[in-house]
Structure formats: C-alpha cells, structure tokens
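So the structure is just underneath, and the comments pick up after that.
Everything quoted here is computed from the prediction, not taken from an experiment. Counting from 1, the numbers follow the sequence of the chain as shown.
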Amino acid sequence: MNRFVRGLLAAALGLPLAMSTTTQAAQADQKCRDWIGVTFDDGPSHYRSATLRTLRRNGVPATFFDVGMRVEANPQFAAFEAGEGHLVLNHTWSHPHLPTLTPAQVRSQVLRTQQVLRKAGAPMPFKLLRPPFGDTDDAVRAQLGRLGYHYVNWDVVAVDWDVATTSDEIRDTIVQALRPGLVILMHDGPIDSAAGAAVQAALPQVIHQAQRSGYCFGLLNAVGEVVPARLHAGRTPVPRVVNPVPYLPLGPTSGDVLPPQPYAIVDPAAEL
C-alpha cells in the first residue's frame, strides 16, 4: 500500500498517518518468528554513512560496537544512531588485544569508551562489550565483571577486513549461515585495513536474502542475545565523517590500498 493510499485510509478512519504507519509496522513485527542480529565493529569510519543509509532504506536496526577513539573523532554519529533505534555499545578505546594489557589498562579502555559514548549522546542502555579480536582471558573477564560488563562475540563473520575478500564472498558466507538467533559480525571500516567497500556492497544483499527467507532483524540484549526491535527512521540527514578517522598501522590485509580520506594513523601505544 503506497503512502497516498495509506493517507486516505487513515483519514477515513480518523487516524493520523503516523499512527497508521506505526500500526502497520507493529503488525509486521507480529508476523516475525525468526530474528537475527547484524552487528558492526570498529566504527564509526568513512563507511558508517553508507551503512546507515542502507539500514534506513531497508528498515533494519543494527548493533554497533564502536571504538572510543573513533567516536571521539566523529561524535556526530552516536546520537543519530541512538535516535534511529540502533544500539551503540563498547568495543574498547583503541582496539587492543585485551589479554596483553594490565588490569588498569583494561579498565581504561572500557571506561574511556563508555564516557565518550555518553558525551556523544548515546549512553549505553546496558553494559555489553565486544572484545577486539574476540580475545579474553580469565584476568580480562574478571576486570569486565568488576565493571559490570557482559561480553559477546559472534556466530558468523566473513573475512571482510581483507581487501581481497569480495562482496559475493561476504554475502554467501553470511547467507549460508542463516538460522534463528544468528549474530552476524561485519566491519565498519576495519581498524587496521582499508577494507570496507565490499561490506557496503554485500550489506543490502544480505538483508534482502535474509528477509526473503523469512528473517527479521533485531538487536542484542544485555547478555548478547538477539531480541525483536524496530528501526525508528526519521528524516534527519545521515551524518558524514568530518574529522580524520583514526586507524591503527595498516596490516597486510590492507594490501597497497589506503583508507578513504580523511584518516590518520595513530600510535597504538599512545592510546593505551
């Protein structure tokens, strides 16, 4: 039903168009039985704007595990995402291997990111963290517990941090893994690689194939499980990167490719 017809129907019933649209969305939610969650690590990068436009266009909420130093560089994304119904959570300050850090450094990585998210207008509704590289050990888990954090990894990820991985390979890896409750990991401009364009090409294909297979997209809850959720897309323009996006020194998965401008390579030791 197009917007004009919905408007006529709403008028006939004495309802505002917004109420009619909301009711329709709620009814669609009731038809969903199998929910999956798409999550993005490492942002916000240059690619975040394209990601948000794709999600808005398809009515899909996402869970963003963002890096604190990147949020600080471009804080305009955080409040926008929270307002649209996305979930913005903690992926540490500078993406280190947490088991290599001291307890004080682990706490700093978590708390600095927590603070910058709050300052940017996206205070976390609960304390859930994705450890960089999925890396934890007993000492890290003890520190996270003392800070009140749960942590979550993922069920499927393509090697999307390598510039050599194609969009078809990303799409096929994810689509072949579809099942209820699936937690998908994609990367929003990996922290140490210029990859990202292939994810943007694959994302709408993943969404469309999942939806055609009867899946709906939700968000993660406080313990990392997928729960029903709905996007609250508005008309506010999607933000763009303004300041240089921090990158760690580029690794071999970047090949000879450089990230989109503006970007800056940072010293990992200076960010601990």
Next on the checklist: Before you tell me yes or no, could you show the steps for Val110 and Leu129 under side-chain contact (heavy atoms from CB on, under 4.5 Å), namely the whole-Å CA-CA distance, both residues' side-chain angles and the distance that decides it to 0.1 Å?
Outcome noted: CA-CA 8 Å; Val110 174; Leu129 175 142; 3.7 Å; yes
Next on the checklist: Apply side-chain contact (heavy atoms from CB on, under 4.5 Å) to residues Val241 and Tyr263 and explain how you reach the verdict.
Outcome noted: CA-CA 10 Å; Val241 162; Tyr263 74 92; over 6 Å; no
Item to check | Test log, rule side-chain contact (heavy atoms from CB on, under 4.5 Å), inputs Thr63 and Val38 | outcome: CA-CA 7 Å; Thr63 301; Val38 60; over 6 Å; no
Checklist entry - Hey, mind stepping through Val226 and Leu182 against side-chain contact (heavy atoms from CB on, under 4.5 Å) and telling me if it holds? => result CA-CA 7 Å; Val226 179; Leu182 185 77; over 6 Å; no
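With hydrogens and angles disregarded, a donor-acceptor distance shorter than 3.5 Å links the side chain of Ser254 to the backbone of Ala194. Using a distance-only test at 3.5 Å, with no hydrogens or angles considered, a donor-acceptor pair links the side chain of Gln76 to the main chain of Arg240. Of the possible polar contacts, one joining the Asn74 side chain to the Asn243 backbone as a donor-acceptor pair under 3.5 Å is found. No side-chain donor-acceptor contact under 3.5 Å links Asp192 to the backbone of Gly251. Looking only at distances, a side-chain donor or acceptor of Thr54 sits under 3.5 Å from a matching main-chain atom of Ala50. Between the side chain of Gln109 and the backbone N or O of Trp93 there is at least one donor-acceptor pair closer than 3.5 Å. Side chain of Asp34 to main chain of Tyr215: no donor-acceptor pair is present (N/O by atom type, distance under 3.5 Å, no hydrogens or angles).
Here the side chains of Val238 and Arg56 are in contact, with some heavy-atom distance below 4.5 Å. Looking only at side-chain heavy atoms (C-beta outward), Gln205 and Val175 stay at 4.5 Å or farther from each other. With contacts defined as side-chain heavy-atom distances shorter than 4.5 Å, the pair Val106/Arg146 does not qualify. Taking 4.5 Å as the limit, every side-chain heavy atom of Leu185 sits out of range of all side-chain heavy atoms of Phe65. Annotation: side chain of Trp154 is not in contact with side chain of Thr39 (no heavy-atom distance under 4.5 Å). Considering only heavy atoms from C-beta on, Leu89 stays 4.5 Å or farther from Arg130 through its side chain. Contact check for Leu98 versus Asp135: no side-chain heavy atoms found under the 4.5 Å cut-off. At a threshold of 4.5 Å between non-hydrogen side-chain atoms, the residues Arg230 and Pro61 do not count as touching.
Shown here for Ser193 and Val163, the closest heavy-atom pair between the two residues is OG-CG1, 4.1 Å. In this structure, Gln114 and Lys127 approach most closely via the heavy-atom pair OE1-CE, 3.9 Å. Across all non-hydrogen atoms, the minimal contact from Ile174 to Val156 is CA-CG2, 4.2 Å. Across all non-hydrogen atoms, the minimal contact from Leu231 to Val60 is CD1-O, 3.7 Å. Smallest separation of non-hydrogen atoms from Pro260 and Tyr247: CD-OH, 4.3 Å. In this structure, Pro125 and Leu87 approach most closely via the heavy-atom pair CG-CD1, 3.4 Å.
By the 6.0 Å and 45° rule, Arg48 does not stack over the aromatic ring of Phe80.
The environment of Gln115 atom CD is sparse: at most 12 non-hydrogen atoms of other residues, nucleotides or ligands sit within 6.0 angstrom. Atom CG of Asp256 is surrounded by 12 or fewer heavy atoms from other residues, nucleotides or ligands within 6.0 Å.
Within the model, atoms CZ of Arg171 and CD1 of Ile207 stand 14.0 Å from one another, a figure rounded to the nearest 0.5 Å. With values rounded to the nearest 0.5 angstrom, Ile191 atom CD1 is found 5.5 Å from Asp42 atom CG. Interatomic distance, Tyr151 OH to Leu144 CG, rounded to the nearest 0.5 Å: 8.5 Å. Interatomic distance, Asp162 CG to Ile170 CD1, rounded to the nearest 0.5 Å: 9.5 Å. Atom CZ of Phe217 and atom CG of Leu55 lie 9.0 Å apart (nearest 0.5 Å). The distance from atom CD of Gln200 to atom OG of Ser49, rounded to the nearest 0.5 Å, is 9.5 Å.
Look at Asp188 and Arg70 and you find no salt bridge, because none of the NZ, NE, NH1 or NH2 atoms lies under 4.0 Å from a carboxylate O.
Criterion: ILVMFWY side-chain heavy atoms under 4.5 Å apart, direct or through other members. Under it, Val88 and Met69 are part of a common hydrophobic cluster. In terms of hydrophobic clustering, with Ile, Leu, Val, Met, Phe, Trp and Tyr side chains grouped at heavy-atom distances under 4.5 Å, Met124 and Phe126 are assigned to a common cluster. Leu250 and Trp161 end up in different hydrophobic clusters when Ile, Leu, Val, Met, Phe, Trp and Tyr side chains are linked at under 4.5 Å. Phe40 and Tyr47 fall into different hydrophobic clusters, where Ile, Leu, Val, Met, Phe, Trp and Tyr residues are linked whenever their side-chain heavy atoms come under 4.5 Å apart, directly or through other members. In terms of hydrophobic clustering, with Ile, Leu, Val, Met, Phe, Trp and Tyr side chains grouped at heavy-atom distances under 4.5 Å, Val71 and Leu111 are assigned to a common cluster.
With hydrogens and angles left out, the side-chain atoms of Thr165 and Asp160 include no donor and acceptor closer than 3.5 Å. Side chains of Asp172 and Gln176: no donor on one and acceptor on the other come within 3.5 Å.
Below 30°, between 30° and 60°, or above 60°: for His97 and Phe133 the angle between ring planes is below 30°, a parallel geometry.
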